[in-house]
There are 2 protein chains.
Amino acid sequence: MNKHTATSADVAALAGVSQSTVSRSFDPNSRISVATRQRVFEAAEQLGYQINKAAQTMIKKRSDLVGLVTAGLEDPFRSEFLHKLIIEVQNCGLRPMVMDVSDRETIDEELHGLIQYQLSGVIITSGTPSENIGKAFIRHGIPVVLVNRTEHSDEADIVNLDNEGAGEMAAKAFIESGKTNLVVVRSKKPSFSSVMRVKGFLNYLAPFLSGDKVNATEVLCDAGNYDSGYQIADKILTSQHKPDGIFFCMDHIACGFLDSAKRLVSPNEMSAIGVIGCDDIALASFRAYDLTTIRQSSSEIARASVETLLNRLQSPTSAPSKQAIPVELVYRSTLAKPQRTNIE
Amino acid sequence: MNKHTATSADVAALAGVSQSTVSRSFDPNSRISVATRQRVFEAAEQLGYQINKAAQTMIKKRSDLVGLVTAGLEDPFRSEFLHKLIIEVQNCGLRPMVMDVSDRETIDEELHGLIQYQLSGVIITSGTPSENIGKAFIRHGIPVVLVNRTEHSDEADIVNLDNEGAGEMAAKAFIESGKTNLVVVRSKKPSFSSVMRVKGFLNYLAPFLSGDKVNATEVLCDAGNYDSGYQIADKILTSQHKPDGIFFCMDHIACGFLDSAKRLVSPNEMSAIGVIGCDDIALASFRAYDLTTIRQSSSEIARASVETLLNRLQSPTSAPSKQAIPVELVYRSTLAKPQRTNIE
DNA sequence: TTGTAAGCGTTATCAC
DNA sequence: GTGATAACGCTTACAA
C-alpha cells in the first residue's frame with residue numbers, strides 16, 4: 001500500500017501524539033500512560049511500523065550487531081561452535097554478523113571495516129587476525145572477546161578451552177592404561193589449541209619420560225582434517241617402533257587414521273593401540289569410529305563468550321577477564337576406561 | 001587518543017576541505033581531483049576515520065546487510081551451505097547477518113524484526129518461516145530469495161536444487177544395476193527436498209512398477225540424522241522381503257544405516273545391497289562409508305542464490321526468477337557403476 | 001571540481 | 001506524561 005515505509009512521525013500523526021511519544025512508547029523504560037502507549041501501538045500495527053535501526057544506531061552510537069570472526073568452517077568443531085554462538089547472540093537480543101577470514105589476503109584491512117558498523121562487540125574465534133586489529137576495535141570503543149587464541153591480552157577479554165588440561169588428560173589416561181610408547185599428532189600448521197594440547201600432553205608425561213619407561217614422540221600431519229589422518233597412519237603404523245597410544249589433537253584426524261589403520265594392521269593388533277581424539281565432534285560417536293576423546297563443549301564456550309561480552313558491555317572499564325572452560329574425557333572403544341589406576 | 005571516533009567533518013577540517021568533499025572522496029563514482037582525494041585519504045588515515053554505516057544507511061535507505069535465514073545447522077549439508085553463503089555474500093561486498101530459526105516459537109515475529117535493518121536482501125533457506133513473512137519483506141522493498149523451499153512464488157526469486165532429478169537419478173541407477181526390490185527412506189517430518197526426492201524416485205520407477213518386476217516401498221525414519229539411519233536398519237534388514245537397493249534422502253541417514261548394517265548382515269550379503277545417499281557431504285567420501293550418492297553442490301546453490309539477489313537489486317521490477325541447480329551421481333562402493341546398462 | 005545546505009528517522013534534553 | 005527541539009554523521013542536490 002504505502003509507498004514509503006512508515007516512520008515514527010507517521011505513527012504519531014495517526015495516533016494523534018507527538019513523534020517523541022511514539023519513540024518513548026517503544027522504550028520499555030520510559031513511563032508512558034497505558035492508554036497512550038496502547039493507541040500508539042495500534043497505529044504502529046496499522047501502518048506496519050518498524051523502528052529504523054540505522055537511525056537508532058546513529059543516535060545511540062551503538063548497533064545491536066555483534067561481529068563473529070571465524071575461519072576454517074570446514075572443520076566441524078568450528079562450524080558447530082559458530083552455530084552455538086549464533087544462537088547465543090540471538091538469545092540475548094543481539095544480531096550476529098559473521099565474517100569468515102579464511103584464505104583472505106587482507107584480513108586486517110577487512111576486519112577494520114567492521115568498525116563502520118558501530119558493533120556492540122566482536123568475538124574473534126580465528127587465530128588469523130593480528131593482535132593489532134583487536135586493539136583497533138577497542139580503541140574505537142568496541143569490546144573484543146578472544147576465543148581460544150592466546151594466553152594473555154591486557155585489553156580484550158579471553159575465553160579459552162582448557163587445551164593444556166586436555167593434553168594432560170589424554171596423557172594421564174594412557175599412563176593409567178599402562179601405555180608406554182606414545183605418539184601425539186597435530187597439524188603441521190600450529191594453532192593455539194593444538195600447540196597447547198601437545199604442551200599439556202608432554203608436560204604431564206615429563207616425569208615418566210625421564211624414568212625411561214615411557215617415551216613420547218610428536219608427529220606432524222599435513223592439516224587438521226580426515227585426509228591428513230588417513231595419510232599419517234602409514235608413517236605411524238609402519239615405523240619400527242609402533243606406538244601403543246596415540247593422541248590426536250583433533251577428532252577428524254583420528255578418524256582418518258582409524259579408517260586408514262584398517263588397511264594396515266589387523267583388528268586384533270589395532271585393539272592393542274589406544275587412540276584418543278580431541279573435541280568430541282559428532283563423528284567421534286559414530287559406530288564406525290567410537291572414538292575415545294576429550295570433549296570440548298562448544299555450547300559452553302559459546303555461552304561463556306557471549307556472557308563475557310555482555311558483562312563487558314555492562315561494565316566497560318573493569319579489568320579484562322580470562323577464563324578456561326573445563327574439558328572432559330569421554331571413554332569409548334578406542335581406549336577403554338581402565339578398571340583400576342596403575343598410579344596413585 | 002581521540003576520545004570520540006573521527007567523523008567526516010574531522011577529516012575535512014584536517015584536510016582543509018569541506019565535509020562533502022570528504023564524503024565524495026570515498027565514493028569511487030564521484031569525480032574528484034586526484035590531489036584533493038589524496039589529501040583527504042591522508043587525513044582520514046591519520047585520524048583512523050571510518051565511514052559510519054548507520055548514517056550511510058539512513059540516507060541511502062539500504063544497508064549492506066543481507067539476512068541469511070537458516071535452521072537445522074546440525075545437519076552438515078546445511079551448515080556447509082551456510083558457510084558457502086557467508087563467503088559469497090562477503091565476496092560481493094555485502095555483510096551476512098545470520099538468523100537461525102530452529103526451535104523458535106515466534107519465528108515470523110522475529111523475522112519481522114529484520115525489516116528494521118534496511119537489509120539489502122534476505123535469503124531464506126529454512127522451510128519453517130511462513131509464506132507471509134516473505135511477502136512482508138517484499139512489501140518493505142527488501143528482495144527475498146527462497147532456497148529449496150517451494151515450487152512457486154509470484155514475488156520472490158527461487159533457487160532450488162533439482163531434487164526431483166536427484167530422485168530420478170537414484171532410481172535410474174538402481175534399474176541400470178538390475179536392482180528390483182527398492183526402498184526409499186526419508187525423515188518422518190516432511191521437508192521440501194525430501195518429499196521432492198521421493199517423488200522423483202517413485203515417478204521414474206512408475207513404469208517399471210506396473211510391470212510387476214520391480215517394487216518400491218517408502219520407509220520413514222525418525223529424523224534426518226545418523227542415529228535415525230542406525231535405527232531404521234533393523235526395520236529394513238530384518239524384513240522378510242529384504243531390498244536390494246536403498247535410496248536415502250540424506251547421506252547422514254545412509255551412514256547411520258551402513259554402520260548399523262554391519263551388525264545385522266554379513267559383508268558379503270551387504271555387498272549385494274545397493275545404497276545411494278543424497279547430498280555428498282564430506283562424510284560420504286570417508287573410507288568407512290564410501291557412499292555412492294547424489295551430489296548437490298552447496299557452492300553452486302550459494303553462488304546462484306547470491307547472484308540472484310544481486311540481479312534483483314539491479315533490476316527490482318523484473319519478474320521473479322526460478323532456477324534449479326543440477327545434481328550429479330557420484331559412484332562409490334555402495335553401488336558400483338554398471339558396466340553396461342540393462343535398459344535402453 | 002568544490003562548497004553550502006537540506007534532509008534521513010531516531011533518541012535525548014528540556015520545558016511544560 | 002507529553003511535546004518541541006537539537007543533535008547524530010552521512011549523501012546529495014544546487015550553487016559557485
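A, B, ... follow the sequence lines: proteins, then strands. Residue 1 opens every chain.
We find that CD of B:Gln116 is positioned 17 Å from C1' of C:dC8, with the value rounded to whole Å. Rounded to an integer number of Å, the gap from B:Met58 CE to D:dG9 P is 11 Å. One can place CG of B:Asp27 at 14 Å from C1' of D:dA13, the figure rounded to the nearest angstrom. The nearest whole Å value for the distance from the CZ atom in B:Arg62 to the P atom in C:dG9 is 15 Å. Across the protein-nucleic acid pair, A:Phe26 atom CZ and C:dT10 atom P stand 9 Å apart, rounded to whole Å. Between the P atom of D:dT12 and the CD atom of B:Gln56 lies a distance of 9 Å, rounded to the nearest Å.
B:Glu42 has no carboxylate O lying under 4.0 Å from a charged side-chain N of B:Arg39, or vice versa, which leaves the two without a salt bridge. One finds a salt bridge joining B:Asp157 and B:Arg312 here, because a Lys/Arg side-chain nitrogen approaches an Asp/Glu carboxylate oxygen to under 4.0 Å.
Heavy atoms of A:Lys61 sit under 4.0 angstrom from primed sugar atoms or phosphate atoms, though from no base atom. Nucleic acid contact class of B:Thr21 (heavy atoms, under 4.0 Å, all strands): sugar-phosphate only.
If you check C:dT2, C:dT10, D:dC10 against the side chain of B:Ala55, the one that comes closest is D:dC10. When distances run from any side-chain atom of A:Ile59 to the nucleotides D:dT2, C:dT2, D:dA7, the shortest one goes to D:dA7. Taking the side chain of B:Thr36 as heavy atoms from C-beta on, and the options D:dT12, C:dT2, C:dT11, the nearest nucleotide is C:dT2.
Projected onto DNA chain D by closest heavy-atom contact, B:Ile51 and B:Arg24 fall at different nucleotides, the more 5' of which corresponds to B:Ile51.
Listed pair B:Ser23 / D:dT11 meets the phosphate criterion, a side-chain N or O lying under 4.0 Å from OP1 or OP2.
Taking 3.5 Å as the limit, the base of C:dT4 and the side chain of B:Ser20 contain a donor-acceptor pair of atoms between them.
A:Ser321 has its side chain out of reach of A:Ile158: every pair of non-hydrogen atoms, C-beta onward, lies at least 4.5 Å apart. With a 4.5 Å cut-off on side-chain heavy atoms, A:Thr57 and A:Tyr117 do not count as touching.
In this structure, CG in A:Leu309 is found 7.0 Å from CG in A:Leu94, a value given to the nearest 0.5 Å.
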